[in-house]
Amino acid sequence: MRDLLVRDLMSAPPIWISPEATLNEAEALMDTERVRRLPVVNADGRLVGIISRGDVREGLSASVVHHLLAPDAQEHWLTVADVMSTNVITVSADAPIWQAAELMLEHKIGGLPVMEGNEVVGVVTESDIFKLLVRELRSEATGTQAS
């Protein structure tokens, strides 16, 4: 486990979304792919943000309130760019897995886009690390090799 790199544990290829996508599209993609966060990648393939289920929920709630308070206002659908976080903490695919876990703990976040140069190549989450821990502890307890 000590020698594991982020690339050994990350989900790849990454599921990402465009900043121009609507929050409804983001929610549908998260539901379909069963993920809680999406890297936001622009048309040039550059990482420009990250959006979580919480961001989507808050944005959709704000949109509903706006429509209730101003029903005659021109309809405005929020986009991913309107609610995404732009100060994205990332990790290298070649970083040790403990470094990814440390970053998540330090910044109180549940997942990190995984980078190779300027390209998003995957995502590693707290669930990935937790599954690894359970697998290692189980193998230790039963005396079997973790797979």
Side-chain angles (χ1 to χ4, degrees), residues 1-67 75-147:
M1 185 160 91
R2 281 194 160 98
D3 298 332
L4 276 178
L5 300 178
V6 170
R7 74 171 60 258
D8 300 324
L9 203 59
M10 70 183 188
S11 298
I15 301 158
W16 54 269
I17 196 159
S18 162
E20 292 83 24
T22 67
L23 294 186
N24 287 328
E25 291 169 330
E27 182 178 48
L29 182 58
M30 287 178 180
D31 288 346
T32 300
E33 298 295 336
R34 298 174 56 173
V35 297
R36 293 180 289 192
R37 67 198 50 77
L38 294 167
V40 182
V41 177
N42 70 10
D44 297 329
R46 203 176 99 240
L47 178 69
V48 294
I50 192 161
I51 188 167
S52 70
R53 271 202 190 274
D55 297 331
V56 171
R57 254 192 319 271
E58 285 178 31
L60 289 173
S61 294
S63 185
V64 167
V65 169
H66 170 77
H67 293 300
E75 205 168 298
H76 171 74
W77 294 104
L78 292 177
T79 66
V80 166
D82 293 324
V83 300
M84 70 183 185
S85 298
T86 55
N87 187 19
V88 185
I89 309 299
T90 65
V91 67
S92 166
D94 294 324
I97 200 65
W98 64 262
Q99 192 174 59
E102 195 170 69
L103 281 169
M104 286 185 250
L105 286 170
E106 179 183 337
H107 295 281
K108 297 181 176 142
I109 53 178
L112 300 165
V114 180
M115 307 296 290
E116 279 186 352
N118 291 326
E119 184 182 355
V120 180
V121 294
V123 174
V124 65
T125 68
E126 60 194 358
S127 294
D128 296 326
I129 294 170
F130 197 66
K131 287 175 193 171
L132 171 66
L133 178 62
V134 168
R135 190 174 70 221
E136 292 292 326
L137 291 173
R138 181 183 296 130
S139 73
E140 206 174 276
T142 62
T144 60
Q145 180 92 11
S147 55

Name each donor-acceptor pair under 3.5 Å that joins a side chain in residues 42-50 to protein atoms two or more places apart or in another chain, with its distance.
{"from": "Asn42", "atom 1": "OD1", "to": "Asp44", "atom 2": "N", "distance (Å)": "2.9"}
{"from": "Asn42", "atom 1": "OD1", "to": "Gly45", "atom 2": "N", "distance (Å)": "3.2"}
{"from": "Asn42", "atom 1": "OD1", "to": "Arg46", "atom 2": "N", "distance (Å)": "2.9"}

Open item on the list: For a 4.5 angstrom cut-off between non-hydrogen side-chain atoms, does Lys131 reach Arg135?
Closed with: no
Result block: side-chain N/O donor-acceptor pairs under 3.5 angstrom for residues 106-123, not counting sequence neighbours:
{"from": "Glu116", "atom 1": "OE2", "to": "Arg7", "atom 2": "NH1", "distance (Å)": "2.9"}
{"from": "Glu116", "atom 1": "OE2", "to": "Arg7", "atom 2": "NH2", "distance (Å)": "2.7"}

Task: Close side-chain approach of Glu33 and Leu38, heavy atoms under 4.5 Å - done: no
TODO: Could you list the residues that satisfy side chain to side chain contact (heavy atoms under 4.5 Å, CB included) with Thr32, not counting sequence neighbours?
DONE: none
TODO: Evaluate the side chain to side chain contact (heavy atoms under 4.5 Å, CB included) criterion for residues Val56 and Ile51: first the C-alpha distance (whole Å), next the side-chain angles of each, then the deciding distance (0.1 Å), finally the verdict.
DONE: CA-CA 7 Å; Val56 171; Ile51 188 167; 3.7 Å; yes
Task: CD1 on Ile15 to CZ on Arg37, rounded to 0.5 Å - done: 12.0 Å
Open item on the list: Restricting to non-hydrogen atoms, name the atom on Ser18 and the atom on Val40 that form the minimum distance, rounded to 0.1 Å.
Closed with: C-CG1, 4.0 Å
- [ ] Enter the distance from Ile97:CD1 to Ile129:CD1 here, rounded to the nearest 0.5 Å.
- [x] 4.5 Å
Open item on the list: Let's go through Glu25 and Val80 carefully: what are the C-alpha distance in whole Å and the side-chain angles of both, what is the deciding distance for side chain to side chain contact (heavy atoms under 4.5 Å, CB included) to 0.1 Å, and is it a yes or a no?
Closed with: CA-CA 9 Å; Glu25 291 169 330; Val80 166; over 6 Å; no
Task: Test item: side-chain donor near acceptor, Arg36 and Ser127, under 3.5 Å - done: yes
- [ ] Provide the closest heavy-atom pair for Trp16 versus Leu29 in the form atom of the first, atom of the second, distance.
- [x] O-CD2, 3.7 Å
- [ ] Decide yes or no on side chain to side chain contact (heavy atoms under 4.5 Å, CB included) for Ser85 and Asp55, but give the supporting numbers first.
- [x] CA-CA 9 Å; Ser85 298; Asp55 297 331; 4.3 Å; yes
Open item on the list: Any non-hydrogen side-chain atom of Glu58 less than 4.5 Å from a side-chain atom of Val83?
Closed with: no
Task: Interatomic distance, Leu78 atom CG to Leu23 atom CG [nearest 0.5 angstrom] - done: 5.5 Å
Task: Asp82 and Thr79, any side-chain heavy atoms less than 4.5 Å apart - done: yes
Task: Atom of Met104, atom of Glu126 and distance for their closest heavy-atom approach - done: SD-N, 3.6 Å
